2 protein chains.
Amino acid sequence: MTPDCPGGKCPVETTLTVMSGKWKGIILYRLLDGKKRFHELKEIMPAISFRTLTLQLRQLEADGIVERTVYPEVPPRVEYDLTELGKTMRPIIESMFEWGIQYQIQRKDTHA
Amino acid sequence: MTPDCPGGKCPVETTLTVMSGKWKGIILYRLLDGKKRFHELKEIMPAISFRTLTLQLRQLEADGIVERTVYPEVPPRVEYDLTELGKTMRPIIESMFEWGIQYQIQRKDTHA
DNA sequence: CAGAATCCCCAGTGATACTG
DNA sequence: CAGTATCACTGGGGATTCTG
């Protein structure tokens, strides 16, 4: 694909692959201010299903963006946090956040 | 959705909605350095189908990101350019580009 | 040249029920 | 609490053919 991008695959496409998924951007945004438990994330994003939340977290984990820590307690406790690599996405998320705000102001008709 | 994001819908989600689609990020990246004709874009991204290229361009146009100019000539000529609003996405695209490069270096195994 | 129209497929997502 | 398992569906994307 896109053979004339430096290094083979277009870096923008690479980033989009990692970030894409209906909820990944929001998950990343929510993790910017610190680690969260599974149900904490679910409460922040009520519209997501357990299954999808699990899957998207697992994909982010597989991509090295998110770290999953299981505490061997009863009841179980699992925390999700950004890895060092994940934290380097902050500029992307923040610029997307800023742009989204301006966009919502300019176009109240769509995606509001 | 995500009711506790400022202004209703999470701005990150808004941006992701506009940018999502398998090729939109690449299209935007390619338009950063100036307007392009339809087949020019197709040549840059050989793997995309005509149908999908058309659809993604139309969606970007509907979202006010891309401007479509038809020149009444024979054979027809159509140029696509970023709107002023579209140009404000530059920081996002560029930070995604930079991150993608670093990511490719760190993880040659996946998404390479 | 720049598409429109048609048909098709499957990956991503959702709903529900169950479990260590 | 934090999942897993199963089923089902939608729509985003692809292949092909046709047109002003």
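Model, not experiment: these values are computed from the prediction.
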Quick one, B:Thr52 with B:Ser49, criterion side-chain hydrogen bond (donor to acceptor under 3.5 Å, both in side chains). Give me CA distance, side-chain angles, the key distance, then yes/no. CA-CA 5 Å; B:Thr52 301; B:Ser49 66; 3.0 Å; yes

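Of the candidates C:dG20, D:dG3, C:dG3, the closest approach to any side-chain atom of B:Val78 belongs to C:dG3. Residue A:Arg77 places its side chain closer to D:dA2 than to any other of D:dG14, C:dA2, D:dA2. Distances from the side chain of A:Arg58 to the nucleotides D:dG14, D:dG3, C:dC1 place D:dG3 closest.
Contact annotation: B:Arg68 side-chain N/O to C:dA2 OP1/OP2 distance is not under 4.0 Å. The shortest distance between the side-chain N/O atoms of A:Arg37 and the OP1/OP2 oxygens of D:dA2 is below 4.0 Å. Here B:His39 does not reach the OP1 or OP2 of C:dC1: none of its side-chain N or O atoms lies under 4.0 Å away.
Residues passing the side-chain contact (heavy atoms from CB on, under 4.5 Å) test with B:Lys24 are B:Gln56, B:Gln59, B:Leu60, sequence neighbours excluded.
By the 4.0 Å N-to-carboxylate-O rule, A:Glu79 lies close enough to A:Arg77 to be salt-bridged with it.
Aromatic ring orientation, B:Phe50 versus B:His39: tilted (interplanar angle from 30° to 60°).
Residue-level contact check: A:Tyr80 touches the backbone only, with heavy atoms under 4.0 Å from sugar-phosphate atoms and none from bases.
To the nearest angstrom, P of D:dG3 lies 14 Å from CD of A:Glu43. The separation between A:Leu41 atom CG and D:dG3 atom P is 10 Å, rounded to whole Å. Protein atom CD of B:Glu79 is 16 Å distant from nucleotide atom C1' of C:dG3, rounded to whole Å.
When all heavy atoms are compared, the tightest approach of B:Leu28 to B:Met89 is CD1-SD, 4.0 Å.
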Could you go through nucleotides 9-13 of chain D and list every protein N or O atom that sits under 3.5 Å from one of its N or O atoms, giving the distance for each pair?
{"residue": "D:dG13", "atom": "OP1", "partner": "B:Lys22", "partner atom": "N", "Å": "2.6"}
{"residue": "D:dG13", "atom": "OP2", "partner": "B:Gln56", "partner atom": "NE2", "Å": "2.7"}
{"residue": "D:dG13", "atom": "N7", "partner": "B:Arg51", "partner atom": "NH2", "Å": "3.2"}
{"residue": "D:dG13", "atom": "O6", "partner": "B:Arg51", "partner atom": "NH2", "Å": "3.4"}

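Between the CE atom in A:Met45 and the NZ atom in A:Lys22 there is a gap of 12.5 Å [rounded to 0.5 Å].
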